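Each remark here refers to the structure printed beneath this line.
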Amino acid sequence: MHHDRTSRRTLLTATAAAVAATAISSTPAAASDTAAAASTAGTTAGTTATTTGDESVRGAGRERLKRLISRMSLEEKVGQLFVMRAYGHSATAPDQVDIDLNLKEMGVRTAAELVAKYHVGGIIYFAWAHNTRDPHQIADLSNGIQRAGLAQETPVPLLISTDQEHGIIARVGKPATLVPGAMALGAGGSRSDARKAAQIAGAELAAMGIVQNYAPVADVNVNPANPVIGVRSFGSDPQAVAGMVAAQVRGYQGAGIAATSKHFPGHGDTKDDSHYSLPTIHHTAEQWEELDAPPFRAAIAAGIDSIMTAHIVVPALDPAKDPATLSKPILTGVLRERLGYDGVVVTDSLAMAGVRQKYGDDRVPVLALLAGCDQLLNPPDLPVAWNAVLKAVRDGELSMARVEESILRILLLKAKLGLFRDPYVSHKDVDRTVGARAHVDAADRIAEGTTTLLANDSGLLPLSRRTHRNVLVVGADPASPTATTGPPTTVIAKALTELGFTATALSTGITPTQAKIKEAVAAAKGKDVVVVGTYNVSATSPQRTLVRELSATGVPVVALAIRNPYDIAQLVGTGFGASVAAYSWTDVELRAAVRVIAGHSEPGGKLPVPIQRADDPAKVLYPVGHGLTY
């Protein structure tokens with residue numbers, strides 16, 4: 001049972017007063033400057049202006065934040081630059097396994113100790129770090145972290161962040177509302193729906209104390225073989241992606257949290273994954289301007305609060321071939337000077353292989369700051385990274401002015417978000433906002449416009465309960481992005497059953513064995529139709545064999561792509577009767593696909609990417625904008 005708290009303002013006031021009382025004899029100016037910053041921040045809460053354009057943080061407010069910075073120790077200043085993971089569901093009382101992980105990786109027991117020791121400016125939540133069990137727990141964790149921030153000698157609240165892109169990347173699961181992901185929204189084509197989805201997601205994150213979301217993705221997915229972006233992108237048309245990005249920036253920030261467009265200067269045309277290697281983008285400067293730049297320009301014009309860098313090499317923008325995260329020509333020369341962006345720049349995770357190949361873990365954070373980054377996200381070894389930045393400042397490699405420039409941007413963002421005024425959340429807000437019926441209904445409505453009918457040559461769809469009542473659902477069951485949805489075959493079968501069909505689920509896996517294929521073929525006997533959930537089908541995938549052998553039984557087959565829409569190119573000639581693209585295997589998108597398959601809604605989605613022929617990639621099988629209707 002969750003007990004509601006005293007008012008958020010009371011909690012902040014009490015904490016700030018206690019801290020100020022203990023510090024006033026030694027640092028009265030620091031205490032007064034913190035209070036002044038809080039007063040300034042209170043006037044900016046709930047606005048959607050950019051951090052540098054908001055009049056209320058100009059002039060006197062900016063000067064107060066500068067005075068607050070001047071009262072910080074060097075260690076406190078360096079800490080503000082870091083955004084770090086912390087294991088555990090609680091800021092002060094995590095499970096023993098999480099205490100052990102924190103001690104092993106950071107030398108502290110808890111998130112609160114992490115804040116006290118390293119003065120970190122932010123913490124990022126992950127499901128695998130056991131931060132996101134349920135909405136009330138998340139709210140308590142956020143409040144505990146903010147208490148730790150305000151208990152420091154120089155009280156400063158934290159930017160609590162996560163990757164809640166929706167679709168295939170989400171850290172917070174049900175009962176929070178899960179909305180369609182980027183490519184599904186791109187297929188829907190409605191900027192209004194994209195904005196509404198972001199407003200819903202942003203409001204629910206804010207209610208749990210998560211104030212910075214690493215979304216929307218601004219990469220233009222022009223490479224079907226891209227292993228890391230794919231359906232995380234809105235599509236392959238730069239202008240269409242730009243419109244969706246701007247809509248989501250306004251949605252998230254209108255809900256009171258900071259949005260983060262990523263991954264600058266554009267990760268859409270690569271065949272390598274920067275988590276495991278250092279990709280190279282071979283676009284010319286002109287191609288970059290035409291293909292990659294528009295979504296970032298649109299985000300900046302929409303007032304984006306933060307932009308995340310990419311661990312990619314773009315020789316046309318930096319002949320030195322440094323990763324963009326560490327490239328001054330790219331981050332300062334292009335992003336800051338050419339595009340005119342002066343908000344917060346956050347690195348992608350510094351634990352990723354793409355940024356660690358050319359330089360050591362002690363050099364990466366220093367080079368990132370020299371390049372123009374403000375926030376250093378999740379280094380693999382915080383003590384090494386933190387001490388390296390300290391040393392660089394003490395040795396003069398990093399000027400104090402450069403460090404304080406970044407801290408000011410970070411504090412301006414905290415002020416804009418109202419964190420100095422009140423960083424706490426309440427259980428009442430969680431109950432009122434997270435997973436609200438209106439949000440869930442809106443997510444379902446938005447998803448209905450995203451499902452794309454790619455092929456229906458035989459007129460198999462929509463299915464009729466009179467002729468195709470008995471349904472077998474087979475296919476891939478990838479793990480849920482949040483561990484709270486799926487498995488897909490079960491969700492599809494249940495949704496069909498709720499619509500009056502008799503549906504049976506049989507998981508055959510992403511790489512079905514011959515034995516599993518035979519089991520599926522046997523199960524198809526006596527069925528009226530088979531729905532096959534496909535997942536990233538390649539030329540050598542046994543999923544092709546599954547579809548072919550099921551089709552050979554004479555039972556009609558519906559191929560439902562539950563991730564990339566490109567699957568159909570590899571299934572040509574396998575005998576399927578209809579093909580549908582859902583763009584993700586989360587429940588909201590699968591339910592929408594089932595409603596289309598069953599004829600309860602029209603297939604409104606249009607391809608936001610072209611699908612090339614598998615036998616001749618130079619030719620297009622289905623163009624952008626393709627999508628059948630009933």
Side-chain angles (χ1 to χ4, degrees), residues 78-133 137-149 157-165 169-173 205 208-215 258 260 262-263 274-275 306 308-309 311 325 344 346-356 361 364-365 368 373-389 410 481-483:
V78 169
Q80 281 298 305
L81 305 173
F82 285 90
V83 180
M84 195 61 190
R85 67 190 177 278
Y87 294 93
H89 70 287
S90 165
T92 55
D95 296 337
Q96 187 61 48
V97 64
D98 295 316
I99 291 174
D100 293 341
L101 287 167
N102 286 327
L103 286 169
K104 178 182 177 181
E105 297 183 14
M106 293 163 285
V108 296
R109 294 168 53 84
T110 68
E113 289 182 12
L114 176 70
V115 174
K117 182 172 182 177
Y118 291 103
H119 315 290
V120 293
I123 285 182
I124 179 173
Y125 287 170
F126 292 104
W128 52 259
H130 310 139
N131 303 140
T132 57
R133 291 181 179 176
Q137 167 269 316
I138 296 170
D140 285 339
L141 174 60
S142 298
N143 285 340
I145 288 169
Q146 298 296 6
R147 282 193 205 92
L158 281 82
L159 285 170
I160 297 174
S161 60
T162 199
D163 293 281
Q164 191 77 353
E165 298 172 17
I169 300 293
R171 312 304 187 198
V172 181
L205 290 176
M208 294 178 280
I210 300 171
V211 295
Q212 185 177 21
N213 190 21
Y214 298 137
T260 309
K262 60 186 184 183
H263 307 79
S274 53
H275 289 85
S306 51
M308 179 178 284
T309 66
H311 305 325
T325 299
V344 171
V346 54
T347 71
D348 205 343
S349 171
L350 298 183
M352 293 166 61
V355 77
R356 302 174 68 191
D361 291 340
V364 165
C373 293
D374 302 306
Q375 290 184 301
L376 304 169
L377 178 62
N378 201 34
D381 190 324
L382 179 61
V384 167
W386 192 79
N387 283 299
V389 174
I410 293 165
T482 61

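These figures come from a predicted structure and were not determined experimentally. All values below come from the heavy atoms of this structure, side chains included, with hydrogens, waters and symmetry mates left out.
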Could you tell me if the side chain of Ile123 sits less than 4.5 Å from the side chain of Val115, heavy atoms only? yes
Looking at Val108, is its backbone amide N or carbonyl O close enough to the side chain of Asn102 to form a donor-acceptor pair, meaning the two atoms are under 3.5 Å apart? no
Please find the pair of heavy atoms, one from Val355 and one from Leu350, that lie closest to each other, and give the distance. CG1-O, 3.7 Å
So does His89 get a backbone contact from the side chain of Gln137, meaning a donor-acceptor N/O pair under 3.5 Å? yes
Scanning both residues in full, the closest heavy-atom pair of Met106 with Ala86 reads CE-CA, 4.4 Å
If you measure from CG on Leu101 to CZ on Arg109, what distance do you get to the nearest 0.5 Å? 13.0 Å
Under the 3.5 angstrom rule, does the side chain of Thr325 hit a backbone N or O of Thr347 as a donor-acceptor pair? no
Is it true that a side-chain atom of Lys262 and a backbone atom of Asp348 form a donor plus acceptor pair closer than 3.5 Å? no
Using a 4.5 Å cut-off on heavy atoms from C-beta on, say whether the side chain of Gln164 contacts that of Ile210. no
Roughly how far, to the nearest 0.5 Å, is the OG1 atom of Thr110 from the CG atom of Leu103? 9.5 Å
Heavy atoms, side chains only, cut-off 4.5 Å: are Tyr87 and Pro94 in contact? no
Point-to-point distance, once rounded to the nearest 0.5 Å, from CD of Gln375 to OG1 of Thr309: 11.0 Å
Check: Val120 and Val83 side chains under 4.5 Å, non-hydrogen atoms: no
With a 4.5 Å limit on heavy-atom distance, are the side chains of Leu114 and Ile145 in contact? no
Interatomic spacing from CE in Met84 to CG in Leu377 - rounded to 0.5 Å: 9.0 Å
Is there a donor-acceptor contact under 3.5 Å from the side chain of His311 to the main chain of Ser349? yes
Write down the atom of Ala91, the atom of Gly144, and the distance for their closest heavy-atom approach. CB-C, 3.6 Å
To check you understand the geometry: which heavy-atom pair defines the closest contact between Gly209 and Ile160, and what is its length? O-CB, 3.6 Å
Side chain to side chain, Gln96 and Asp100, heavy atoms closer than 4.5 Å: yes
What pairs with Ala385 under side chain to side chain contact (heavy atoms under 4.5 Å, CB included), at least two apart in sequence or on another chain? Phe82, Pro365, Pro379
Should Leu382 and Glu105 count as side-chain neighbours, where that means a heavy-atom distance under 4.5 Å? no
Rounded distance (nearest 0.5 Å) linking atom CG of Leu159 with atom CD1 of Ile124: 12.0 Å
Over all atoms of both residues, closest heavy-atom pair of Thr482 and Val172: CG2-O, 3.7 Å
Just by distance, do the side chain of Tyr125 and the backbone of Ser142 share a donor-acceptor pair under 3.5 Å? yes
Are any side-chain N or O atoms of Thr260 and backbone N or O atoms of Asn213, one a donor and one an acceptor, separated by less than 3.5 Å? yes
Under the side-chain contact (heavy atoms from CB on, under 4.5 Å) rule, what do Leu81 and Trp386 come out as? Steps first, then yes or no, please. CA-CA 9 Å; Leu81 305 173; Trp386 192 79; over 6 Å; no
Closer than 3.5 angstrom, by distance alone: can the side chain of Thr132 be matched with the main-chain N or O of Arg171 as a donor-acceptor pair? yes
So, the side chain of Arg85 versus the backbone of Pro380: is there a donor-acceptor pair under 3.5 Å, distance only? yes
Closest non-hydrogen atom pair between Asn131 and Leu141, with its separation: O-CD2, 3.6 Å
Using modelled atom types and a 3.5 Å cut-off, is there a donor and acceptor pairing between side-chain atoms of Ser306 and backbone atoms of Val344? no
